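In listed order, ligands and their atoms are each counted from 1. Predicted, not measured: the structure shown is a model, and the values here were computed from it.
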Amino acid sequence: MPEGPEIARSAAEISAAIATQDVRLIEFAFPHLQPYCAEITGSKVLNVGARGKAMLIQFSCAKTLYSHNQLYGQWAILAPEEPANPKLQIRVAVHTASAVAVLYSASSIEVWPSAQIHKHPYIAKLGVELLATNTTVADVRRVIEAPLFQKRRLTQLLLDQTFLAGLGNYLRSDILFVARINPCAKLYELNATQRQALATAALHLSQQSYTTRGITNDLAIAKNMRDRGASFGSYRHWVFDRAGATCHVCTTTIVREDISGRAVFYCPQCQK
Ligand SMILES: [Zn+2]
């Protein structure tokens, strides 16, 4: 599943392709959305942005297209006459003079009045946006101190979008590694140093992943490995998806544990 950085990057690319342009046609696969075609066609794309893992495309007709990729959805940008991928089902297509933004396979697609979109059940509950340009470590630290979350296990909490918005499985494992926190820990068990490390790692790794197309490893280590011929998959992360490989810091073997059906990876030495 794409995580916050992937959705935010996708939003930036779609924005560059269609923002400020007139919608020549919008197509919806789902019959209940088709009444919006006439209303949105002919309006202008005002803004394209990500909130957590959702994409919001705002039109000048005061409607906003909400979509959440979940497991299978994916956005693509096509040239005006370029054929779509025949292996995937088109769910939405926004046509402008210079590009077509296509959403394949997703099922979570809605049209909302723009003035009400903040009340959408997913948007309304989102926690701190790690990829918002004005979010600071102090903002993240404040939510870490909130009494509501103290009894929660970090493995669950870091996937809870009402805590920190935009995190998923790869960021979860690597944030805990960088903060040197054991995945079994509960929030109230962390001391002040660990809380600060968690806040810093959550913000910095999310933003680094956005700017580097998904690298959460230390950038000097990643470059060194790449220069020696390592694959993207092997130098991309600190611990995620590296079970059986050696820790980049201490050479201990990375361990995988499955918690509630999602794999967590950690270094037993660095994250005691
Ligand atoms: Zn280690």
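- For the atom pair Thr96 OG1 and Gln21 CD, the distance stands at 3.5 Å (nearest 0.5 Å).
- The closest side-chain heavy-atom distance from Lys125 to Gln161 is not below 4.5 Å.
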Determine, stepwise, if the pair Asp258 / Arg262 fulfils salt bridge (Lys or Arg N to Asp or Glu O under 4.0 Å).
CA-CA 5 Å; Asp258 286 67; Arg262 310 278 307 265; over 6 Å; no
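- Within the 4.5 Å cutoff, side-chain heavy atoms of Pro5 are placed close to those of Leu131.
- Contact check for Leu154 versus Ile181: side-chain heavy atoms found under the 4.5 Å cut-off.
- Protein atoms that are N, O or S and lie under 2.8 Å from the Zn ion (ligand 1) are these: Cys247 SG, Cys250 SG, Cys267 SG, Cys270 SG.
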For residues 171-178, which side-chain donor-acceptor pairs fall under 3.5 Å, sequence neighbours excluded?
residue: Arg172; atom: NE; partner: Asn169; partner atom: OD1; Å: 3.3
residue: Arg172; atom: NH1; partner: Thr155; partner atom: O; Å: 2.7
residue: Arg172; atom: NH2; partner: Asn169; partner atom: OD1; Å: 2.8
residue: Arg172; atom: NH2; partner: Ala263; partner atom: O; Å: 3.4
residue: Ser173; atom: OG; partner: Phe265; partner atom: N; Å: 3.0
residue: Asp174; atom: OD1; partner: Val239; partner atom: N; Å: 3.1
residue: Asp174; atom: OD1; partner: Phe240; partner atom: N; Å: 3.1
residue: Asp174; atom: OD2; partner: Thr216; partner atom: OG1; Å: 2.5
residue: Asp174; atom: OD2; partner: Trp238; partner atom: N; Å: 2.7

